[in-house]
Amino acid sequence: MTVSRLLQRRILPSRSRIAAILLLMAISCGCEPRAAISAQTQPANSGGTSTQSLSPEGQEWLRAAISGGSLPDLRWPNFSDYSKHVKKFYDLNQDSLWWVQGMEPTAQARQVIALLLQADQKGLSADDYDASRWNDRLAKLKPAIAQPAEADAEKFDLALTVCAMRYISDLHIGKVNPKHFAFALDDESKKYELAEFLRDHVVNESNVAAALAQVEPQYPGYRRTMQALQSYLELARKDDGEQLPPITKPILPGDPYSGVPRLTRLLRSVGDLPPEANVPADQPIYTGALVDAVKRFQVRHGRDANGRIDTQTLADLNVPLSRRVRQMQLTLERWRWLPDSYQRAPIVANIPEFRLRAYDKDFNVGVTMNVVVGKAYGHNTPVFSDTMEYVIFRPYWEVPPSITRAELVPHLQRDPDYLAKKGFEVVDSHQNLIATGTVNGEVLGQLRAGRLSVRQKPGPKNSLGLVKFLFPNSYNVYMHDTPATEFFAKSRRDFSHGCIRLERPADLAAWVLRNNPGWNPDRIHAAMNADSPEQVNLAHPIPVLILYATVIVLDDGLVHFYDDIYGHDASLEKVLASGYPYPW
């Protein structure tokens, strides 16, 4: 994707259908384009509405401003990343203005401005689209004044074009290219051509809000997160930000705690303490319904639901609600990065949640389970999308060279029989057996040099367990069974070298093979316990998405927050703080 951030053309509903969806926004009431157009207007190239033409001096200024990619009147003046699209947009109108008619803002201009002012509700920032500046700009045009200056009309028009392009692009594909963070989520199919999109679907559209609603992600999880954001924006506005008192030891059920009044208010506001729950105001004892509410709070924040207010739970409780709002905004940005293939019955693993879900074509959850992901220090599981193609029962584990050198070679230096004891064998590049027992000095040297490799024999002690799921990718990451099942009971589960370990691999095998004739649970069980490996190609390849979301809103509407274990939230927030133009 180029620095100019082209967006894919998508077929939108017809205007008549869009008009039936929503009423015109209140800001445009009574502001239909005038029937009588000034002599200073000419027909637009789109063949519909007339637009405001410019004097030769005005056209020269407009071309120079676009060529320079800068407009000092903007909150973020540098729009060089959009210059090509802005130029094409005005070329389509022969350097006439799009948003001004008879020196008055069009109804569509007013609708777009109304949407920009409400950008916070989309998890964006209205200030990024000049929220505080539109009143002054409108006041310089009709009907506020009788004889507006052409320069003011030009600046208004260009500012609205840039802000509209930014808003549409941000809403559809996000502000920052995910490749900037080494996320392999770029999807060419999501591109629009911005100039033509504005011409065809905005500047003459009777209901701009309905038209732009189509550019947002259509995923249920995105919509639920957006709805939850509205609630938390209101909660953050009302909350006084009081911090719970520090503790010297965990607060247990039945203990006195001076923070009970604040704890009660907080948990009631976020929904963990039911409105009807009775918590005596004159007895600062941590007990009863309050303990149950803390347990619900702990579950929603990825902690063990033990009801103890320990250091970690206290820290979670003291996170400002405004910070939770920011987590949602960052998560919504990542939702906008997702490829369209995610809409086709995918398998999704969310790294901070340590959870996998497999969806059907209607986005109902068919299978869900705990997973183990890559260690936070040095073995991060990558974020990417791909396609699952086949399953291997009783797999070999082809040990990566980095693990061979870092972990196996040191063991072999101390014990030449180490590989044999652990069920490993040495093979060459053609998978021919070189050694199955004692490893001599020559073989050890070739292992150290990378000329030979190590694999682990199939079986219940194999590090991949009894089945692995392949979606071929450059990271050599896949999903698999594991003999180390004790990790699934932990609340934080980043223990692997990068691959994704599955709590119930047989359930996932049944799900992905449900369209393969004959592959019922009994046959899957038999294949997992057979004497030799077996590869089964999927009848229908399945999209796989490895994502990173520290906020998840489930079907029940409960909002779950998770730790930023890899620091991706912090990195994204740092980039967003720099303003436009963002890395693309």
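Note that the coordinates shown come from a computational prediction; the quantities given were computed from them, not determined experimentally. The analysis underlying the following values was restricted to heavy atoms, covering all of them including side chains, and did not include hydrogens, waters or symmetry mates.
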Do you see a donor-acceptor pair shorter than 3.5 Å between the side chains of Asp564 and Tyr548? yes

Can you find a heavy atom in the side chain of Asn350 that is under 4.5 Å from one in the side chain of His560? no

Student check: side-chain heavy atoms of Thr404 and Val409 closer than 4.5 Å: yes

Chi angles and distances behind the side chain to side chain contact (heavy atoms under 4.5 Å, CB included) call for Arg336, His172: CA-CA 6 Å; Arg336 296 174 182 124; His172 185 58; over 6 Å; no

Is there a donor-acceptor pair closer than 3.5 Å between any side-chain N or O of Asn78 and the backbone N or O of Pro581? no

Is the NZ or CZ atom of Arg324 positioned over Tyr232's six-membered ring, under 6.0 angstrom from the centre and within 45° of the axis? no

Where is the tightest heavy-atom contact between Ala184 and Tyr475, given as atom of each residue plus distance? CB-OH, 3.5 Å

Hey, does Asn516 have a side-chain heavy atom less than 4.5 Å from the side chain of Val536? yes

Would you say that Arg455 contacts Gln431 through its side chain, given a criterion of any heavy-atom pair below 4.5 Å between the two side chains? yes

Taking atom CG of Leu124 and atom CD of Gln118, what is their separation to the nearest 0.5 Å? 12.5 Å

Answer yes when Asp556 and Arg224 have at least one side-chain N-carboxylate O distance shorter than 4.0 Å, and no when they do not. no

Decide yes or no for His480 and Cys499: does some side-chain heavy atom of the first lie under 4.5 Å from some side-chain heavy atom of the second? yes

Steps toward salt bridge (Lys or Arg N to Asp or Glu O under 4.0 Å) verdict (Arg334, Asp569): CA-CA 10 Å; Arg334 292 202 186 92; Asp569 270 8; 2.7 Å; yes

Nearest 0.5 Å, what's the CD1-CZ distance between Ile403 and Arg405? 10.5 Å

Do the ring planes of Phe363 and Tyr359 sit parallel (below 30°), tilted (30 to 60°) or perpendicular (above 60°)? tilted

Has Arg133 got a side-chain atom pairing as donor or acceptor with Asp73's backbone, closer than 3.5 angstrom? yes

To the nearest 0.5 Å, what is the distance between CD1 on Ile168 and NE2 on His85? 12.0 Å

On a heavy-atom basis, the closest approach of Thr161 and Tyr90 is OG1-OH, 2.8 Å

Can you check ring-ring contact (aromatic ring centres under 6.0 Å, His included) on Phe183 and His568, steps first, answer last? CA-CA 10 Å; Phe183 289 9; His568 291 328; 4.8 Å; yes

Atom OG in Ser496, atom CG in Asn380: separation rounded to 0.5 Å? 10.0 Å

Between the main-chain N or O of Arg166 and the side-chain N or O of Ser169, is there a donor-acceptor pair closer than 3.5 Å? no

Quick check: does any side chain N or O of Asp386 sit under 3.5 Å from a backbone N or O of Val544, one acting as donor and the other as acceptor? no

For the backbone of Gln121 and the side chain of Gln230, can you confirm whether one donor and one acceptor N or O come within less than 3.5 Å of each other? yes

Do you know the tightest heavy-atom contact between Tyr562 and Gly302? CE2-CA, 3.9 Å

Go through the steps for Lys87 and Asp91 under the test side chain to side chain contact (heavy atoms under 4.5 Å, CB included), then give the verdict. CA-CA 6 Å; Lys87 180 181 184 303; Asp91 286 347; 2.8 Å; yes

Contact check, side chains of Pro178 and Val383, non-hydrogen atoms, under 4.5 Å: no

Side chain to side chain contact (heavy atoms under 4.5 Å, CB included), that's the test. Do Phe488 and Val372 meet it? Break it down for me. CA-CA 7 Å; Phe488 294 113; Val372 170; 3.8 Å; yes

Tell me if a side-chain donor or acceptor on Arg504 pairs with a main-chain N or O of Thr368 at a distance below 3.5 Å. yes

Spacing of CE belonging to Met388 relative to CG belonging to Asn473, to within rounding of 0.5 Å: 11.0 Å

For His301 and Asp316, work out which heavy atoms get closest and say how close. CB-OD2, 4.2 Å

In terms of heavy-atom contacts, Ile66 and Ser83 come closest through O-OG, 3.3 Å

Rounding to 0.5 Å, atoms CG (Leu545) and CZ (Phe384) come to a distance of 9.5 Å

Report yes or no: does Arg493 contribute a side-chain atom to a donor-acceptor pair with the main-chain N or O of Val371 at less than 3.5 Å? yes

Evaluate the side-chain proximity of Gln218 to Arg223: yes if any heavy-atom separation is below 4.5 Å, no if none is. yes

Could you walk me through whether Val270 and Arg300 pass the side chain to side chain contact (heavy atoms under 4.5 Å, CB included) test, one step at a time? CA-CA 11 Å; Val270 298; Arg300 289 196 306 108; 3.6 Å; yes

Would you call Arg303 and Asp563 a side-chain contact if the rule is heavy atoms closer than 4.5 Å? yes

When you check the side-chain N and O atoms of Asp127 and Ser125, is any donor under 3.5 Å from an acceptor? no

Does Pro505 offer a backbone N or O that forms a donor-acceptor pair with the side chain of Asp481 under 3.5 Å? no

Ignoring hydrogens and angles, tell me if any N or O in the side chain of Trp134 forms a donor-acceptor pair with the backbone of Leu160 under 3.5 Å. no

Trp98 (side chain) donor-acceptor with Phe89 (main chain) under 3.5 angstrom: yes

Nearest heavy-atom pair of Glu205 and Ala211: which atoms, and what distance? CG-CB, 4.1 Å

Ring of Tyr582, cation from Lys175 - is the NZ or CZ under 6.0 Å from the centre and inside 45° of the axis? no

Would you say the side chains of Asp128 and Trp76 form a donor-acceptor pair under 3.5 Å? yes

